[in-house]
Amino acid sequence: MSAIEAHDELLSVEEYLASEEHVLTKREYLGGIVYEMGGASRTHDTIVGNVRLALREVLRGMKCRFHGPEVKLNFSVVGAEYFYYPDGMVVCDPTDADDRFCERPAVVFEVISESTRAIDEREKRDTYHRLPSVQAYARIEQHRPEVVIEVRTTRGWKLTRIHGLERVVDLGYSGLALPLSRVYEDIVFPV
């Protein structure tokens with residue numbers, strides 16, 4: 001991610017949202033500073049599409065919906081507004097109804113790339129843990145069949161690392177599960 005050219009003043013939330021309608025690249029907003037996001041690889045895009053399709057079946061008949069990387073997540077930390085573009089979110093709260101962004105996801109997904117690993121494993125992880133609605137945070141590897149899932153429990157967060165295409169990830173919310181064979185369908189791993 002690279003910061004857009006600095007201005008004398010921070011961009012307001014309203015200015016950011018208005019400008020989003022006119023830009024071609026996705027941009028995250030971190031307390032007044034706007035960062036352009038890089039493009040995704042074909043592998044990354046395939047994994048996100050696979051998660052979307054697999055969860056569409058699982059969520060059928062529920063009040064939950066999957067939103068992909070086109071939809072922003074809005075939240076506040078210590079009085080500052082933020083907008084991220086997670087790779088996926090399951091949103092089950094019927095009051096989370098703004099058409100431009102979500103505010104209360106139950107499950108958040110990030111597909112890990114080497115350029116975003118540090119942000120996904122530190123900054124975003126810490127942020128998602130702070131959001132009261134988030135019950136699980138899943139980090140999906142691109143180059144090996146592995147998902148790290150962190151599920152909120154009464155004692156804190158429980159981290160589980162799931163390896164292998166035959167495994168299933170329990171998403172820790174309302175019985176949601178995701179087979180890794182579906183997540184990695186059509187992905188060829190390096191030998």
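It should be emphasised that the depicted structure is a prediction, and the values quoted were computed from it without experimental measurement.
Note: D98 CG to R104 CZ = 10.0 Å, rounded to the nearest 0.5 Å. Atom CE in M89 sits 11.0 Å away from atom CZ in F109 (nearest 0.5 Å).
Using modelled atom types and a 3.5 Å distance limit, the side chains of T116 and E110 yield no donor-acceptor pair.
Under the 3.5 Å distance criterion, the side-chain polar atoms of D96 are left unmatched by any main-chain donor or acceptor of C102. In this structure a side-chain-to-backbone donor-acceptor pair under 3.5 Å is present from N50 to E185. Of the possible polar contacts, one joining the R65 side chain to the M62 backbone as a donor-acceptor pair under 3.5 Å is found. Distance alone, capped at 3.5 Å, is enough to place a donor-acceptor pair between the E28 side chain and the Y85 backbone. Proximity of a side-chain donor or acceptor of Y29 to a complementary backbone N or O of L17 within less than 3.5 Å is not detected.
When the shell of 6.0 Å around CZ of R117 is examined, it contains more than 12 heavy atoms from other residues, nucleotides or ligands.
A salt bridge is defined here as a Lys NZ or Arg NE, NH1 or NH2 lying under 4.0 Å from an Asp or Glu carboxylate O, and R130 with D126 meets this definition. Salt bridge status for R60 with E57: absent, with no side-chain N to carboxylate O gap under 4.0 Å.
Hydrophobic clustering (side-chain heavy atoms under 4.5 Å, transitive across Ile, Leu, Val, Met, Phe, Trp, Tyr) keeps V108 apart from V58. In the hydrophobic clustering of ILVMFWY residues, with side-chain heavy atoms under 4.5 Å counting as a link, V147 and I187 come out together. Under the 4.5 Å side-chain heavy-atom criterion for grouping Ile, Leu, Val, Met, Phe, Trp and Tyr, V48 is not connected to L53 through any hydrophobic cluster. In terms of hydrophobic clustering, with Ile, Leu, Val, Met, Phe, Trp and Tyr side chains grouped at heavy-atom distances under 4.5 Å, I112 and V148 are assigned to different clusters.
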Can I get a per-line list of side-chain donor-acceptor pairs under 3.5 Å for residues 155-176, giving both atom names and the distance, sequence neighbours left out?
unit_1, atom_1, unit_2, atom_2, d
R161, NH1, E146, OE2, 3.1
H163, ND1, E146, OE1, 2.9
D170, OD1, G172, N, 2.8

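Relative orientation of the Y16 and F83 rings is tilted, given thresholds of 30° and 60° on the angle between their planes.
Contact detail for R152 and L131: the closest heavy-atom pair is NH2-O, 2.7 Å. The two atoms that bring R139 and E121 nearest to each other are NE-CG, 3.7 Å, heavy atoms only.
Annotation: side chain of E20 is in contact with side chain of K72 (closest heavy-atom distance under 4.5 Å). Using a 4.5 Å heavy-atom cutoff, the side chains of L73 and P105 are in contact. The side-chain heavy atoms of K26 and P69, taken from C-beta on, include a pair separated by under 4.5 Å.
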Could you walk me through whether S115 and S113 satisfy the side chain to side chain donor-acceptor pair (under 3.5 Å) test, starting with their C-alpha distance in whole Å, then the side-chain angles of each, then the deciding distance to 0.1 Å, before giving a yes or no?
CA-CA 5 Å; S115 64; S113 68; 3.2 Å; yes
